[in-house]
Novice: 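Input: one structure, supplied below.
Each chain gets a letter, A, B and so on, in the order the sequences are listed, and its residues count up from 1.
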Amino acid sequence: MAQTIITRFPPSPTGYLHLGGARTAIFNWLYARHNHGRFVLRIEDTDVQRSTDESVNAIFEAMEWLGIDWDEGPYFQSERFDIYKKYIDRLISSGNAYYCTCTPEEVDAMRNAAKERGDNPRYDGSCREKNLPWQEGAVVRFKTPLTGNTVVEDMIRGDIAFSNTELDDFIIARGDGSPMYNLAVVIDDITMNINTIIRGDDHISNTPKQILLYQALGAKVPDFGHVPMVLGPDKSRLSKRHGAMSVTAYRDMGYHPDAMVNFLVRLGWSHGDQEFFTRKELIDKFDLDHIGRSAGVFNPEKLLALNAEHIRNAPADSLAAHLLPFLQEKGIAVEAGAYLYGVIETLKPRSKTFVEMADGAAFYFVEKPEYDEKAAAKFLKPALLGPMKQLTDAVSGMAEFNEKNLEDIFKQVMEDSGLGFGKVAQPVRVALTGKTVSPGIFEMMLALGKEKVISRLCDAVAYIERVSE
RNA sequence: GGCCCCAUCGUCUAGUGGCCUAGGACGCCGGCCUCUCACGCCGGAAACACGGGUUCGAGUCCCGUUGGGGUCACCA
């Protein structure tokens, strides 16, 4: 029996959750779910200056919307300083780390000097062998091996070797005793039993430092998998100037979370030629073998197309919950139910987002549709008075309000008036919706219901009579 | 600049030495369907960065070049 896979997502709460971070979270979540493992959420807020509660909440909100649930946590690094302290002391007493009293200015000078010589800017190890005791403001540095290689056995990229001489004695604890990123992550991952780390490849160069820390602590090194980054449409790193990059912005623009997840996963991972995935399929099929190695460009058109496809393929009742907020925003107060589901059904193939769906749904819920001026002028003309009256009467007298009977009524009107189908349908469409564009005439009438159809038809007849005078 | 990573249509990608005359998807163009708008369907233009190897055979393996990206903090 293989070990239980335990993955984690460790955002730092310095802003909203953006697309790239969301994808990393999804990969870790999928990998855990696929392997019946566990997924841990940890908030990396050791940088008290930049971390905010607002960001923490934004992250929770985004994950909830995406449907990414966690089995453990959220843990907050800011609440774990005692633990880090213990490990830092251990590293010092075992000779793997030391206090350093060089000031930032001095270190800067070292770096500049090294640069001048054409060397790598780095700390020169001044305090390394001084065996300094603790003193106010001293930082703790890790004693990086002077020789040898550290190799990252990456599950996605294969082995990546780094010469230890490339690494300097990096700081693991600040002057105030708080832990630095590389230390905190390693301690957390060790104590939380994380054995699988999937993260962006911008972390590759941190990995050898972390491996060295694991080794110094005598801990088992986890499996690493570095996924390529997500680039903006201009192929540069994703940033705020790319516009809406926060996950929740897409929720607000009317995207379906399943489409977002599908899109993000497909950006960098593939399963043959398949493009559309349900959540369950993703969990069933996700693996690390088919994650690509090159960066992916975010393509909003494809996201939109995928969103339309998810809307088209989802059952109406599952779409209702997503649509309701957008309806409310338009001042339409409805509850989920048969009428709404019928409405959604007619709108599914013609809505790319929930915003569009709400727009298209509005006429179903108003008291009386407001006629588009041009539409009324073109189709609600005096010449149509007779046919419209006939149709209205026939519908009023319908025994059963179904598609077959509606078709028969239309046929009769067409026959008696000599008008083609379109000539009859467009005026009816305007009468019922106020617009020239709507779902198919019969499906729309059925969704609207007999009562509304009759009353709107009567209104239209009255309108035509009025303009005829 | 050092180190590291990457390289198939505009974009996301399939491809794990012969099945590739390089497939799919988005977008684009043309057509069909049709009560409007969509959906759907059919067709089209569009890529293996370059140069050397290895091999009977390379998009697939190796090296180099070029190009892109990441990273070098008392940020994460």
Novice: Just checking, any donor-acceptor pair under 3.5 angstrom between side chains of Q210(A) and N182(A)?
Specialist: yes
Novice: Among residues two or more places apart or on two chains, list those pairs meeting salt bridge (Lys or Arg N to Asp or Glu O under 4.0 Å) that have a residue in residues 7-17 of chain A.
Specialist: R8(A)-D189(A)
Novice: Using ring-ring contact (aromatic ring centres under 6.0 Å, His included) as the criterion, list what pairs up with F401(A), not counting sequence neighbours.
Specialist: none
Novice: Encode nucleotides 61-73 of chain B as B, S and - characters from 5' to 3', where the letter depends on protein heavy atoms closer than 4.0 Å: B to the base, S only to sugar-phosphate, - to neither.
Specialist: ---------SSSS
Novice: Classify the ring geometry of F298(A) against F263(A): parallel below 30°, tilted from 30° to 60°, perpendicular beyond 60°.
Specialist: perpendicular
Novice: In the structure shown, which nucleotide is the Watson-Crick or G-U wobble counterpart of G18(B), with both distances under 3.5 Å?
Specialist: C56(B)
Novice: Could you state the CZ-P distance from R293(A) to A7(B), rounded to the nearest angstrom?
Specialist: 6 Å
Novice: Who passes ring-ring contact (aromatic ring centres under 6.0 Å, His included) against F442(A), sequence neighbours left out?
Specialist: F410(A), F421(A)
Novice: Atom CD of Q274(A) to atom C1' of C12(B): distance rounded to whole Å?
Specialist: 15 Å
Novice: Could you please name the partner base of A45(B), counting Watson-Crick and G-U wobble pairs only when both distances are under 3.5 Å?
Specialist: none
Novice: State the pairing partner of A7(B); accept Watson-Crick or G-U wobble contacts with both distances under 3.5 Å, and report none otherwise.
Specialist: U66(B)
Novice: Grab the CZ-C1' distance between F277(A) and A25(B) for me, whole Å please.
Specialist: 11 Å
Novice: Just grab all the salt bridge (Lys or Arg N to Asp or Glu O under 4.0 Å) pairs involving residues 200-214 of chain A, residues at least two apart or on different chains.
Specialist: R157(A)-D201(A), D202(A)-R237(A)
Novice: Need the pair for G1(B). Rule: Watson-Crick or G-U wobble, both distances under 3.5 Å, any strand; none if unpaired.
Specialist: C72(B)
Novice: Using the ring-ring contact (aromatic ring centres under 6.0 Å, His included) criterion, which residues pair with Y463(A)? Sequence neighbours excluded.
Specialist: Y371(A)
Novice: Going 5' to 3' through nucleotides 27-43 of chain B, assign each nucleotide B (protein heavy atom under 4.0 Å from a base atom), S (under 4.0 Å only from sugar-phosphate atoms) or - (no protein heavy atom that close).
Specialist: --------BBBBSS---
Novice: Please write out each protein N/O paired with an N/O of nucleotides 14-20 of chain B under 3.5 Å, distance rounded to 0.1 Å.
Specialist:
residue	atom	partner	partner atom	Å
A14(B)	OP1	S270(A)	OG	2.6

Novice: Counting heavy atoms from C-beta on, name the nucleotide in C26(B), C5(B), C74(B) closest to the side chain of V139(A).
Specialist: C74(B)
Novice: Please report, rounded to the nearest Å, how far the C1' atom of C26(B) is from the NE2 atom of H310(A).
Specialist: 14 Å
Novice: C26(B) and C42(B): how far apart are their P atoms, nearest whole angstrom?
Specialist: 12 Å
Novice: Compare side-chain N and O positions of S178(A) against OP1 and OP2 of C74(B) and report whether any pair is under 4.0 Å apart.
Specialist: no
Novice: Find the distance F9(A):CZ to A76(B):C1' and express it as a whole number of Å.
Specialist: 12 Å
Novice: Could you check which of A76(B), U11(B), C74(B) has an atom nearest any side-chain atom of V297(A)?
Specialist: U11(B)
Novice: Between A76(B) atom C1' and L183(A) atom CG, what is the distance in whole Å?
Specialist: 14 Å
Novice: Do D408(A) and K404(A) sit within salt-bridge range, that is, some charged N less than 4.0 Å from a carboxylate O?
Specialist: yes
Novice: As a test of the definition: with a 90° window around 0 for syn, would you call C39(B) syn or anti?
Specialist: syn
Novice: Can I get a per-line list of side-chain donor-acceptor pairs under 3.5 Å for residues 301-315 of chain A, giving both atom names and the distance, sequence neighbours left out?
Specialist:
residue	atom	partner	partner atom	Å
E301(A)	OE1	N299(A)	ND2	3.1
K302(A)	NZ	E275(A)	OE1	3.4
N307(A)	OD1	H256(A)	N	2.7
N307(A)	ND2	G254(A)	O	3.4
N307(A)	ND2	K352(A)	O	2.7
H310(A)	NE2	N262(A)	OD1	2.8
N313(A)	ND2	E309(A)	O	2.7

Novice: Report yes if a side-chain nitrogen or oxygen of R174(A) is closer than 4.0 Å to either non-bridging phosphate oxygen (OP1 or OP2) of A76(B); otherwise report no.
Specialist: yes
Novice: Determine whether more than 12 heavy atoms belonging to other residues, nucleotides or ligands lie under 6.0 Å from atom CD of E153(A).
Specialist: no
Novice: Which part of the nucleic acid, if any, lies within contact of A161(A), taking any heavy atom under 4.0 Å across all strands shown: a base, the sugar-phosphate backbone alone, or nothing?
Specialist: sugar-phosphate
Novice: Could you give all pairs that pass the salt bridge (Lys or Arg N to Asp or Glu O under 4.0 Å) test and reach residues 418-437 of chain A, with sequence neighbours left out?
Specialist: none
Novice: For F9(A), which residues count as a ring-ring contact (aromatic ring centres under 6.0 Å, His included) partner, sequence neighbours excluded?
Specialist: none
Novice: Between the base of G24(B) and the side chain of E275(A), is there any donor-acceptor pair under 3.5 Å?
Specialist: yes
Novice: With sequence neighbours excluded, give me every salt bridge (Lys or Arg N to Asp or Glu O under 4.0 Å) pair touching residues 341-351 of chain A.
Specialist: E345(A)-K348(A), R350(A)-E443(A)
Novice: Please give the nucleotide sitting opposite C33(B) as a Watson-Crick or G-U wobble pair, both distances under 3.5 Å, or none.
Specialist: none
Novice: What integer distance in Å separates D234(A):CG from U11(B):C1'?
Specialist: 13 Å
